[in-house]
Participant: 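Mind looking over this structure? Questions follow.
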Amino acid sequence: MSSTKVDVAELGEIQETLLITLWARAAESQEPQPILRDPRATEIVRQIDYDFDRFRRETKLTQPTACVRATVFDRWVRQFMEEHPDGAIIEIGAGLDTRFERLDNGRIRWFDLDMPDSMSVRRRFFQETDRRRFITSSVLDPSWLEQVKACGAEHYFIISEGVLLYFSEAQVKQVLGLLADAFPGACFAFDSCARWAQENSRKLEAVKITNAEFRWGIDDIHEIEAWDPRYRVLEADTTMNYHRQRYPWPIRFFTYWFPKTRMLFSINLVRLGG
């Protein structure tokens with residue numbers, strides 16, 4: 001390993017997937033007409049000792065998909081901050097995300113939550129401030145909730161990007177329950193995949209490069225409304241509704257004639273009671 005670069009060998013199998021989205025944003029920033037510009041991601045990729053080229057060699061859908069998903073989440077966060085500029089954002093599984101750098105309004109309070117190995121790497125590139133705090137914890141450990149609630153915000157927006165896919169259904173239900181109990185009325189933005197995609201995740205592009213695999217699939221996100229009467233789906237979108245010209249023509253053809261296949265991966269906005 002080069003002594004001038006950051007070693008990420010400590011990352012666990014699931015945590016390693018944070019490098020996929022980091023690479024996607026950095027690579028997209030070099031496109032002539034990028035879906036998303038993220039110069040900070042480009043800087044970080046250059047400082048990490050990792051074979052990012054294999055993502056470029058072995059993937060065609062990952063880059064536009066990850067960046068479209070990020071822009072949809074960014075839009076929802078901006079909407080929240082327009083309504084509640086002094087509210088609080090919670091990013092579950094923050095990894096090496098740069099959403100704070102992209103969206104900070106100078107007033108919002110921000111909490112980045114992640115596991116110890118991911119947070120150790122994150123601290124190499126980002127600094128805490130009075131408004132931005134890092135929490136090292138599993139989302140399933142309820143002790144972190146009080147750290148966030150101590151900020152006294154009246155309104156919360158929660159993000160989980162590329163995280164719940166790797167949880168079991170029981171764990172997803174546990175996460176939703178914890179959040180609904182702690183932050184009634186908050187909106188929760190997260191992505192999900194259909195059961196077919198979950199069952200075949202080891203064959204899917206960038207995921208197969210790592211040793212991770214999807215553990216939760218749901219064909220219609222509205223199914224969660226039957227889990228608990230507090231949950232209400234506000235939006236269910238998909239990356240295939242945006243920048244379709246960036247996808248290979250067979251994908252565009254297939255999803256045009258079979259529209260339901262667009263929802264293999266869903267981007268969801270859910271209100272948690274209140």
Side-chain angles (χ1 to χ4, degrees), residues 12-25 35 55 58-76 91-95 97 139-140 158-176 179 187-227 231 233-244 246-248 250-252 254-256 258-270 272:
E13 293 178 352
I14 294 175
Q15 288 85 339
E16 184 184 357
T17 62
L18 68 86
L19 300 173
I20 299 173
T21 51
L22 172 70
W23 163 81
R25 298 194 312 275
I35 296 169
F55 295 143
E58 300 181 38
T59 68
K60 296 182 183 299
L61 306 177
T62 299
Q63 182 178 321
T65 297
C67 292
V68 166
R69 181 180 66 186
T71 61
V72 173
F73 280 26
D74 284 359
R75 170 166 56 84
W76 288 336
E91 189 139 22
I92 296 169
D97 196 80
V139 66
L140 298 171
I158 308 161
I159 309 161
S160 178
E161 186 176 359
V163 176
L164 297 186
L165 301 167
Y166 301 101
F167 284 21
S168 68
E169 183 173 290
Q171 289 173 322
V172 173
K173 289 180 176 179
Q174 182 180 350
V175 170
L176 286 169
L179 297 177
C187 283
F188 184 24
F190 62 94
D191 54 315
S192 59
C193 69
R195 291 181 175 89
W196 180 90
Q198 180 264 316
E199 293 166 357
N200 292 275
S201 65
R202 292 301 304 143
K203 302 175 184 177
L204 299 177
E205 283 219 344
V207 176
K208 70 182 180 183
I209 296 175
T210 71
N211 289 319
E213 62 181 332
F214 297 161
R215 298 180 61 202
W216 176 53
I218 188 167
D219 291 332
D220 182 348
I221 197 60
H222 290 85
E223 292 177 34
I224 71 168
E225 294 179 337
W227 293 0
Y231 307 157
V233 177
L234 302 179
E235 292 189 47
D237 208 341
T238 171
T239 59
M240 290 303 301
N241 285 336
Y242 305 88
H243 300 279
R244 288 179 58 80
R246 290 290 305 278
Y247 292 91
I251 298 294
R252 299 201 303 269
F254 194 76
T255 54
Y256 177 81
F258 303 96
K260 288 186 178 180
T261 61
R262 295 188 187 186
M263 299 304 290
L264 280 176
F265 291 90
S266 181
I267 313 169
N268 317 296
L269 184 63
V270 173
L272 302 173

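Here, residue 1 is the first one in the sequence, and each next residue gets the next number.
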Participant: Any side-chain to backbone donor/acceptor pair from Gln171 onto Leu140? Under 3.5 Å, distance only.
Facilitator: no
Participant: Could you tell me if the side chain of Thr62 sits less than 4.5 Å from the side chain of Phe55, heavy atoms only?
Facilitator: no
Participant: Search all heavy atoms of Leu234 against all heavy atoms of Cys187 and return the closest pair with its distance.
Facilitator: CD1-SG, 3.7 Å
Participant: Rounded to the nearest 0.5 Å, what separation is found between the CG atom of Leu164 and the CD1 atom of Ile92?
Facilitator: 7.0 Å
Participant: Side chain of Ser266, backbone of Asn268: donor and acceptor closer than 3.5 Å?
Facilitator: no
Participant: Taking all atoms of both residues into account, what is the closest heavy-atom pair of Phe214 and Gln198, and its distance?
Facilitator: O-NE2, 3.3 Å
Participant: Indicate the atoms forming the closest heavy-atom contact of Ile224 with Tyr231, along with that distance.
Facilitator: O-CD1, 3.4 Å
Participant: Give, for atom OG1 of Thr65 and atom CZ of Phe265, the distance between the pair rounded to the nearest 0.5 Å.
Facilitator: 8.0 Å
Participant: Find the distance between CZ (Arg75) and CG (Asp237) and round it off to the nearest 0.5 Å.
Facilitator: 6.5 Å
Participant: What are the two closest non-hydrogen atoms of Ala212 and Tyr166, and how far apart are they?
Facilitator: CB-CE2, 3.7 Å
Participant: What distance separates Asp97 CG from Phe73 CZ, expressed to the nearest 0.5 Å?
Facilitator: 10.0 Å
Participant: Under the side chain to side chain donor-acceptor pair (under 3.5 Å) test, which residues partner Thr17, sequence neighbours left out?
Facilitator: none
Participant: Run through Thr238, Asp191, Asp74 and flag the one making a side-chain hydrogen bond (donor to acceptor under 3.5 Å, both in side chains) with Arg69.
Facilitator: Asp191
Participant: Evaluate the criterion salt bridge (charged side-chain N to carboxylate O under 4.0 Å, His left out) for residue pair Glu161 and Arg25; output intermediate values, then yes/no.
Facilitator: CA-CA 13 Å; Glu161 186 176 359; Arg25 298 194 312 275; over 6 Å; no
Participant: Please name the pair of heavy atoms, one in Phe188 and one in Ile159, separated by the smallest distance, quoted to 0.1 Å.
Facilitator: CE1-C, 4.2 Å
Participant: Evaluate the side-chain proximity of Ile221 to Phe190: yes if any heavy-atom separation is below 4.5 Å, no if none is.
Facilitator: yes
